[in-house]
*Asks:* 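This is the structure, below, for whatever I ask next.
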2 protein chains.
Amino acid sequence: MSGTHTDVPSVIAFDLPLPVSVREYESCALTDVLRRVGDKWSVLLVVLLGRGPRRFNELHRVIDGISQRMLTRTLRGLERDGLVARTVHPTVPPSVEYALTDLGAALLVPLSAVADWAVDHHAGIESARDDYDTAGGAPVPAPPGEGAAVPGRRSPVPGGGGPEGHPR
Amino acid sequence: MSGTHTDVPSVIAFDLPLPVSVREYESCALTDVLRRVGDKWSVLLVVLLGRGPRRFNELHRVIDGISQRMLTRTLRGLERDGLVARTVHPTVPPSVEYALTDLGAALLVPLSAVADWAVDHHAGIESARDDYDTAGGAPVPAPPGEGAAVPGRRSPVPGGGGPEGHPR
DNA sequence: CAGTATCCTATTTGATACTG
DNA sequence: CAGTATCAAATAGGATACTG
């Protein structure tokens, strides 16, 4: 474990004012982008459209798990934020094409950084999860029935240097 | 608007298999990381802890808008995923210190890429939003009462090249 | 084809009160 | 101090049926 703070060359590192008010936090650019992209389908659509324009049902077919409702809603959200362009071709029946805008295509770049990090460290995350879960994730709220219910839990801290009074 | 796909040097660009099944999508590393980080408080905590270890109430004070419940839950989630380490000092009253692990500190790097992109393009997103909203965001579902209700909407496509039958 | 409309469930977040 | 427990509200997401 490090514990010591790393120097990150970014907007993130410099002096973010403390305390952080909810107002500024919610109007923060990073927060906003992460929430845009943190929903269930947006990134997948951006990545897919990164390979070229697609029509509505083409996306619907190719994604499989998505509902029509969510496909529409997600595309609308991306369109609203200027990441995707929607073009209606006046044929009958209508044909609607979705494509990334320049803004949307640009988003693929930082997204790629996250993606690369994710594949590199996903195993670490999953094993951390397993450790946490098997070592006793739940606070053991008195399991009903038999005894001996997961004795050890989080940070036993055996070195009992008795009470010294608390700092500050 | 581009429309033509960009070449992104990443895990994202190469052949993601189509159609995408829900299973593989939900077990995807990128998806997983984005959902971890796409919630309301995780990133803020990671960034804050990037500046050094903090105690529970220290974080609570400094964040302001967060409830005790969400602070606990978010920290637990980060701890479970191995991004944050929790250390209990056996004093009385107890003192608990949270710090980024190496994994958590490493996350700051790709996060910075997103943050930088976000501040660079946030204005573009917001103006796109404004355009979309003022140009008529809602489908105008027959506004009750007076007439002349927001005439123009999305992509009028005036060049009416009549029906040509649909492709494919 | 490309949606809308409606209904319903699950998850997330917050507010409040209590505790070792 | 550092939580947990409980309740309530908001939001996200899905299933299904209908439409220009």
Side-chain angles (χ1 to χ4, degrees), chain A residues 22 25-26 31 35-42 44-45 53-77 79 84 86-98 137-142 153-155 157 163-168, chain B residues 22 25-26 31 34-42 44-45 53-61 63-77 79 84 86-98 137-142 153-155 157 163-168:
Chain A
V22 222
Y25 179 56
E26 302 210 315
T31 303
R35 290 182 80 82
R36 147 87 287 149
V37 127
D39 69 352
K40 194 164 180 181
W41 303 108
S42 289
L44 181 56
L45 283 173
R54 296 284 182 265
R55 291 178 42 192
F56 185 86
N57 274 1
E58 220 174 331
L59 291 168
H60 199 183
R61 266 193 302 280
V62 115
I63 292 185
D64 157 77
I66 199 172
S67 65
Q68 208 169 25
R69 178 184 137 87
M70 286 316 294
L71 180 54
T72 305
R73 286 177 60 93
T74 307
L75 286 168
R76 288 282 184 280
E79 185 197 358
V84 159
R86 175 180 181 267
T87 312
V88 181
H89 297 101
T91 59
V92 39
S95 147
V96 179
E97 202 174 69
Y98 292 92
V140 194
R153 212 179 86 60
R154 190 162 32 235
S155 10
V157 194
E164 314 99 342
H166 59 102
R168 180 166 300 228
Chain B
V22 222
Y25 179 55
E26 302 209 314
T31 303
L34 286 174
R35 290 181 79 83
R36 147 88 289 149
V37 129
D39 68 352
K40 193 165 184 181
W41 302 108
S42 289
L44 181 57
L45 282 173
R54 296 283 182 267
R55 289 174 48 186
F56 185 87
N57 274 2
E58 219 174 330
L59 292 168
H60 199 184
R61 265 193 302 281
I63 292 185
D64 156 78
I66 199 171
S67 64
Q68 205 170 25
R69 177 183 139 86
M70 284 316 294
L71 180 54
T72 305
R73 288 178 58 92
T74 306
L75 287 169
R76 288 284 183 279
E79 184 197 0
V84 160
R86 175 179 181 269
T87 312
V88 181
H89 297 101
T91 58
V92 39
S95 147
V96 179
E97 200 174 69
Y98 292 92
V140 193
R153 213 182 84 64
R154 191 161 33 233
S155 11
V157 193
E164 315 100 339
H166 59 101
R168 181 168 297 229

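As the structure is a prediction and not an experimental result, all values here were calculated from the model. First the proteins, then the strands, lettered A, B, ... as listed; each starts at 1.
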*Asks:* To the nearest 0.5 Å, what is the distance between NE2 (A:H89) and CD (A:E97)?
*Replies:*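 Output value for this atom pair is 5.0 Å.
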*Asks:* Kindly say if A:K40 contacts the phosphate of D:dG14, meaning a side-chain N or O under 4.0 Å from OP1 or OP2.
*Replies:*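 True: A:K40 side-chain N/O within range (under 4.0 Å) of D:dG14 OP1/OP2.
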*Asks:* Quick one: pull up CZ in B:R73 and NZ in B:K40 and give me the separation to the nearest 0.5 Å.
*Replies:*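 Going from CZ on B:R73 over to NZ on B:K40, the span is 14.0 Å.
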*Asks:* Pairs counted only when both distances fall under 3.5 Å, Watson-Crick or G-U: show me the 5' to 3' dot-bracket for DNA chain D, [ ] for pseudoknotted crossings and | for other-strand partners.
*Replies:* ||||||||||||||||||||
*Asks:* Would you tell me if any nitrogen or oxygen in the side chain of B:Y98 comes within less than 4.0 Å of OP1 or OP2 on D:dG3?
*Replies:*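 Yes.
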*Asks:* At under 4.0 Å, does any side-chain N or O of A:R86 touch on OP1 or OP2 of C:dG3?
*Replies:*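 Checking A:R86 against C:dG3: at least one side-chain N or O falls below 4.0 Å of OP1 or OP2.
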*Asks:* Measure the shortest side-chain to side-chain distance between B:R55 and B:N57 over non-hydrogen atoms and say whether it is less than 4.5 angstrom.
*Replies:*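 Heavy-atom side-chain distance check fails, nothing below 4.5 Å.
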*Asks:* Among B:L75, B:L71, B:T87, B:L45, which residue meets the side chain to side chain contact (heavy atoms under 4.5 Å, CB included) test with B:Y98?
*Replies:*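 So the option named by the test is B:L75.
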*Asks:* Pick the nucleotide of DNA chain D nearest each of A:T74 and A:Q68; which residue has the one closer to the 5' end?
*Replies:*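 That would be A:T74.
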*Asks:* How long is the gap from CZ on A:R61 to CD1 on A:I63, to the nearest 0.5 Å?
*Replies:*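 That separation rounds to 12.0 Å.
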*Asks:* Is any side-chain nitrogen or oxygen of B:R76 closer than 4.0 Å to OP1 or OP2 of D:dT4?
*Replies:*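 The answer is yes; a side-chain N or O of B:R76 sits under 4.0 Å from OP1 or OP2.
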*Asks:* To the nearest 0.5 angstrom, please state how far the CZ atom of B:R36 sits from the OG1 atom of B:T74.
*Replies:*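 Output value for this atom pair is 7.5 Å.
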*Asks:* Would you please name every residue forming a ring-ring contact (aromatic ring centres under 6.0 Å, His included) with B:Y25, sequence neighbours left out?
*Replies:*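 So B:Y25 forms a ring-ring contact (aromatic ring centres under 6.0 Å, His included) with A:W41.
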*Asks:* For a quick check, with a 4.0 angstrom heavy-atom cut-off, what is the B/S/- contact string for nucleotides 6-11 of chain D, read 5' to 3'?
*Replies:* B-----
*Asks:* Tell me which of A:G65 and B:T72 sits closer to the 5' end of DNA chain D, going by the nucleotide each one is nearest to.
*Replies:*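 Its nucleotide being nearer the 5' end, the pick is B:T72.
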